[in-house]
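Order of the sequence lines sets the chain letters (A, B, ...), proteins ahead of strands, with each chain counted from 1.
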Protein chains: 2
Amino acid sequence: MPASPSHAPAATIEMPEEPTHALRFGKARTAQASAVLEDYVELIADLIAVHGEARATEVAKRLGVSHPTAVKSVARLKREGLATSRPYRGIFLTDAGRQLADRVRARHRLVVDMLVAVGVPAEAAESDAEGMEHHASEATLKAFARFLADRGTKT
Amino acid sequence: MPASPSHAPAATIEMPEEPTHALRFGKARTAQASAVLEDYVELIADLIAVHGEARATEVAKRLGVSHPTAVKSVARLKREGLATSRPYRGIFLTDAGRQLADRVRARHRLVVDMLVAVGVPAEAAESDAEGMEHHASEATLKAFARFLADRGTKT
DNA sequence: ACATAAATGTAGCATTAGCTACACTCACGA
DNA sequence: TCGTGAGTGTAGCTAATGCTACATTTATGT
Ligand SMILES: [Mn+2]
Ligand SMILES: [Mn+2]
Ligand SMILES: [Mn+2]
Ligand SMILES: [Mn+2]
C-alpha cells in the first residue's frame, strides 16, 4: 500500500490526519446511547394508545428483558425527563417523551418501508430496522422519504 | 398462570401473544454486542494493510476513544479469539479475526453503496453506515446486492 | 550514553444495561 | 375477610464500554 503517514517525508506539513473517521464512530456511539431510550418511549406510547396504560411488566415482556431491567431503564427515562411514574402505577410519558415517541415511530416506519422497497423480506426488514433506525440521520431519512415518494409516483 | 391478556376475548385459544416483537429487540441487542468487535477488527486490518502494523494508540485515535479504552476492547478481541498481541508490540489478527474483518469490510461497503444509491449524501452515508452496518442481516445484504446489481445494469 | 518524549500498560472509577433472588402490595376470589 | 398470586420494587451481581491519572517501557535525538 502507499506511503504511510508515520514513515512520511520529514518535510511535510503537519496534517490533522483525518479526524473524520473518528467523528463518524463518535456519532455511531452517540446514536447507540439513545437507542434504548427511543425503543422504550415508542413502546410505552404504543401500550398507552392500545391499552390505556403501560405497565413495567408488559414493557419488559415486549422488549424481551426481565422486569427489573425494564424498571431500571424507565428510571433513566425519568431522569432524562421523558417519562414519569409512581409506585404501583403505570408509566406515563412527558410532553418531551410523547414528541420523541412520535418522531421515533415515524422514523421506524420510514426505515422499514425503505428496506421493503429495495427488496428486503418483510420480517428481515422489521428485525433489521429495529437496530438500524437509531442510526439514520435526518439527511438519510430525507433521502428515504424522497426515494419512496418518487418510487410511488413512478409506478 | 392465567396468561390471558386482560384485553383479549375470553373464549380465544391461548396465544403466545407475539413473542415476535421481543425476538426482534433481542436480535438488535445481539447485533449491538458485536458492533464494537467488528469495528475494531475492520480498523486493525486496515491499519495492518496500510502501515504494516496496528498500534493501540493509532487504533484509539482513529476510533476517537482514549487509549486505555482501545486496549480494553482489544483485550476482549483476544479473549474472543479474534486478535493477539504482546506487551509493547502491535496488535495482530487471528485467522478468525481476518475473516471477520473481510466480511465486515464488504458489508460496510455494501451498506454505504446502498445508501448512496437511494440518494443519501456521501458523508451522511458513511456516517450512518458506521452504525447501521451492524444490524444488516444476510437477507438484507442480499437484497442490497441485488438492488445495486439491477440498478447497475438498468442504468 | 543518556535524558526525554512517546507509547504502552495498569489502576480505579462511572454509567448503562443485563440478570437472579427476594420482599412488598394490592386486587380478587373463596 | 383474608389468602394468595401477579405485579411491582429493591438489592446486589456481571460485563461492556467509556474516562483520567499515573507507572513503566521503548524509542529518539543530541
Ligand atoms: Mn429500535
Ligand atoms: Mn423501533
Ligand atoms: Mn461500524
Ligand atoms: Mn464500518
Side-chain angles (χ1 to χ4, degrees), chain A residues 5-7 10 14 17 22 25-41 43-44 47 51 53-80 82-92 131 134, chain B residues 1-7 17 22 25-40 43-44 47 51 53-80 82-92 130-131 134:
Chain A
S6 57
H7 317 134
E14 283 293 318
E17 171 75 15
F25 284 112
K27 277 191 196 173
R29 280 192 297 271
T30 298
Q32 193 51 41
S34 335
V36 171
L37 297 182
E38 293 174 348
D39 285 338
Y40 272 81
V41 294
L43 175 55
I44 290 167
L47 288 174
H51 293 75
E53 64 173 6
R55 313 296 297 222
T57 301
E58 187 63 21
V59 169
K61 201 181 305 174
R62 303 290 186 110
L63 290 174
V65 299
S66 69
H67 88 265
T69 294
V71 166
K72 206 167 289 186
S73 293
V74 168
R76 189 179 159 209
L77 293 190
K78 296 207 275 181
R79 242 183 299 136
E80 309 215 358
L82 296 169
T84 61
S85 82
R86 277 186 0 206
Y88 296 97
R89 308 198 46 195
I91 303 155
F92 307 92
H134 309 283
Chain B
M1 43 276 284
S4 59
S6 46
H7 56 286
E17 170 75 12
F25 285 112
K27 276 191 195 173
R29 280 191 298 270
T30 298
Q32 193 51 40
S34 335
V36 170
L37 296 183
E38 293 174 349
D39 285 337
Y40 272 81
L43 174 55
I44 290 167
L47 288 174
H51 292 76
E53 65 173 5
R55 313 295 298 221
T57 301
E58 187 63 21
V59 169
K61 200 182 306 173
R62 302 290 185 109
L63 290 174
V65 299
S66 69
H67 87 265
T69 294
V71 166
K72 207 167 288 186
S73 293
V74 168
R76 189 180 159 208
L77 294 190
K78 296 206 276 182
R79 243 184 298 136
E80 310 215 358
L82 297 169
T84 61
S85 81
R86 277 190 357 211
Y88 297 97
R89 309 199 43 197
I91 302 155
F92 306 92
E130 203 51 75
H134 309 284

Measure the shortest side-chain to side-chain distance between B/Ile91 and B/Glu53 over non-hydrogen atoms and say whether it is less than 4.5 angstrom.
no
Run the side-chain contact (heavy atoms from CB on, under 4.5 Å) test on B/Leu47 and B/Arg62 for me, step by step, so that the C-alpha distance in whole Å, both residues' side-chain angles and the decisive distance to 0.1 Å come before the verdict.
CA-CA 10 Å; B/Leu47 288 174; B/Arg62 302 290 185 109; 3.6 Å; yes
Closest non-hydrogen atom pair between A/Val59 and A/Leu43, with its separation
O-CD2, 3.8 Å
With sequence neighbours left out, write down each residue that passes side chain to side chain donor-acceptor pair (under 3.5 Å) with B/Arg29, or none if nothing qualifies.
none
What residues, two or more places apart in sequence or in another chain, satisfy side chain to side chain contact (heavy atoms under 4.5 Å, CB included) together with B/Val36?
B/Tyr40, B/Ser73
Note: A/Ala70 and A/Ala56 closest approach over all heavy atoms is CB-O, 4.1 Å
List for me each residue that meets side chain to side chain contact (heavy atoms under 4.5 Å, CB included) alongside A/Ser66, sequence neighbours excluded, and say none if there are none.
A/Pro68, A/Thr69
DNA chain C in dot-bracket, Watson-Crick or G-U pairs under 3.5 Å, [ ] crossing, | other strand?
||||||||||||||||||||||||||||||
Protein-nucleotides 23-27 of chain D N/O pairs closer than 3.5 Å?
{"from": "D/dT24", "atom 1": "O2", "to": "B/Tyr88", "atom 2": "OH", "distance (Å)": "3.4"}
{"from": "D/dT25", "atom 1": "O4'", "to": "B/Tyr88", "atom 2": "OH", "distance (Å)": "2.9"}

Does B/Lys78 have any side chain to side chain donor-acceptor pair (under 3.5 Å) partners at least two apart in sequence or in another chain, and if so, which?
B/Ser85
Ignoring hydrogens and angles, state whether a donor on the side chain of B/His134 or B/Gln32 is under 3.5 Å from an acceptor on the partner side chain.
no
Counting primed atoms, P, OP1 and OP2 as sugar-phosphate and everything else as base, the B/S/- map of nucleotides 13-18 of chain D against protein heavy atoms under 4.0 Å is ---SBB
Ion pair present between A/Arg55 and A/Glu58, side-chain N to carboxylate O less than 4.0 angstrom?
no
Using the test side chain to side chain contact (heavy atoms under 4.5 Å, CB included), find all partners of A/Ala31 that sit at least two apart in sequence or belong to another chain.
A/His135
5' to 3' contact window, DNA chain C with chain A (heavy-atom distance under 4.0 Å):
C/dT16 to C/dT25
With sequence neighbours excluded, residues passing side chain to side chain contact (heavy atoms under 4.5 Å, CB included) with A/Thr84
A/Phe92, A/Thr94
